[in-house]
Amino acid sequence: MNTISCQVIAISALTPVVSKVLLQPAQPTSYTPGQYLQLCLTENDKRPFSIASIPAQDLLELHIGAPAGDNWSSAALQHLQQAFAQGLSVQVEVGLGHAGWRQDSARPVILLAGGTGFSYVHSIAMALAAASQDKPVFLYWGVRQEDALYYQAELQQWAAANAKYRFIPVVQEPGANWQGRSGLVHEAVLQDFVSLEAYDIYIAGPFAMAGVAREAFAEQGAHREQMFADAFAYI
Ligand SMILES: Cc1cc2nc3c(=O)[nH]c(=O)nc-3n(C[C@H](O)[C@H](O)[C@H](O)COP(=O)(O)OP(=O)(O)OC[C@H]3O[C@@H](n4cnc5c(N)ncnc54)[C@H](O)[C@@H]3O)c2cc1C
């Protein structure tokens, strides 16, 4: 873990409640795809955000969901917006967490994201592709409404580039025109795999989702030591 200064390069809206933030570190960073950073608001107030980018990229990309009434993430976003407006740098601690990509594993992969947990699986999905890992990868992304699938086009391209990669968006409350899967995202995984024994499973999203997914997947054969989520440390 190293603390570094970053310039806020850009903040843009991915949806009405999710912002993309690009940070330019003042020095080289070291992290594993799937790790998170902590944004230091003060010495004692540090907030975790998954890194959506991969180490080969110069900029650190974050996806911050700040729905109305959510002071935890809104305060972090405001901190970044103020620094951006004033041209000041922010402090981050990079390379945190134990749920990063297991690059040496030969097992097929399931990536499970709920909402902005997508940032975490995006980093791992991009790393798998950059390493030309040619094994089955299933990326499930669950959202409440389909307009929250802010990287859908990019993920379709990612899947189209490798016959072994699959992107499965799952909408909890679909509109009349939605043609894809619906319901809770972890239930879509349970429907699609008779046994989860053979897989490395990476999970990020609301803590409640991570908890129910871990238990349901274990009942369907997943090995607990092959399921990875930083949320497990909080539940
Ligand atoms: C280490 C760490 C890193 C974090 N990184 C980020 C980050 O990068 N960006 C960020 O905004 N926040 C981050 N957080 C905070 C937190 O994880 C997110 O606020 C959370 O993932 C937000 O989910 P959402 O509101 O987008 O999902 P929601 O919109 O609430 O849910 C999305 C989907 O998840 C599933 N789901 C939700 N609830 C349940 C349930 N009770 N049971 C079963 N399935 C359910 C459903 O399929 C649902 O459609 C982080 C927290 C930690 C500890």
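Quick note: residue numbers are just sequence positions, from 1. The figures that follow rest on heavy atoms only: side chains count, while hydrogens, waters and symmetry mates do not. We count ligands from 1, going down the list as the structure has it; atoms in each ligand are counted the same way.
Heavy atoms of Y120 found under 4.0 angstrom from ligand 1: none, in either backbone or side chain. Contacts between V143 and ligand 1 below 4.0 angstrom, taking non-hydrogen atoms only, involve the backbone exclusively. Under 4.0 angstrom from ligand 1, the non-hydrogen atoms of R144 come from both its backbone and its side chain.
A salt bridge between D192 and R181 is present, with a side-chain N of the basic residue lying under 4.0 Å from a carboxylate O of the acidic one. Ion pairing between D45 and R47 holds under the 4.0 Å rule for side-chain N and carboxylate O.
For the side-chain contact (heavy atoms from CB on, under 4.5 Å) criterion with Y202, the lone passing option out of L139, V109, I110, L112 is V109.
Residue contact annotation: A231 has no non-hydrogen atom under 4.0 Å from ligand 1. Ligand 1 has at least one atom lying under 4.0 Å from a heavy atom of P206. Distances shorter than 4.0 angstrom occur between a heavy atom of F207 and an atom of ligand 1.
Here atom 1 (C) of ligand 1 lies nearest to Y36 when heavy atoms of Y36, F232, W72 are compared. Comparing heavy-atom distances from atom 34 (O) of ligand 1 across G114, G117, A210 singles out G114 as nearest. Here atom 12 (N) of ligand 1 lies nearest to T116 when heavy atoms of T116, V171, V18 are compared.
The distance from atom CG of L184 to atom CZ of R144, rounded to the nearest 0.5 Å, is 8.5 Å.
Y199 does not carry R107 over the face of its six-membered ring by the limits of under 6.0 Å from the centre and within 45° of the normal.
Distance alone, capped at 3.5 Å, is enough to place a donor-acceptor pair between the Q133 side chain and the Q103 backbone.
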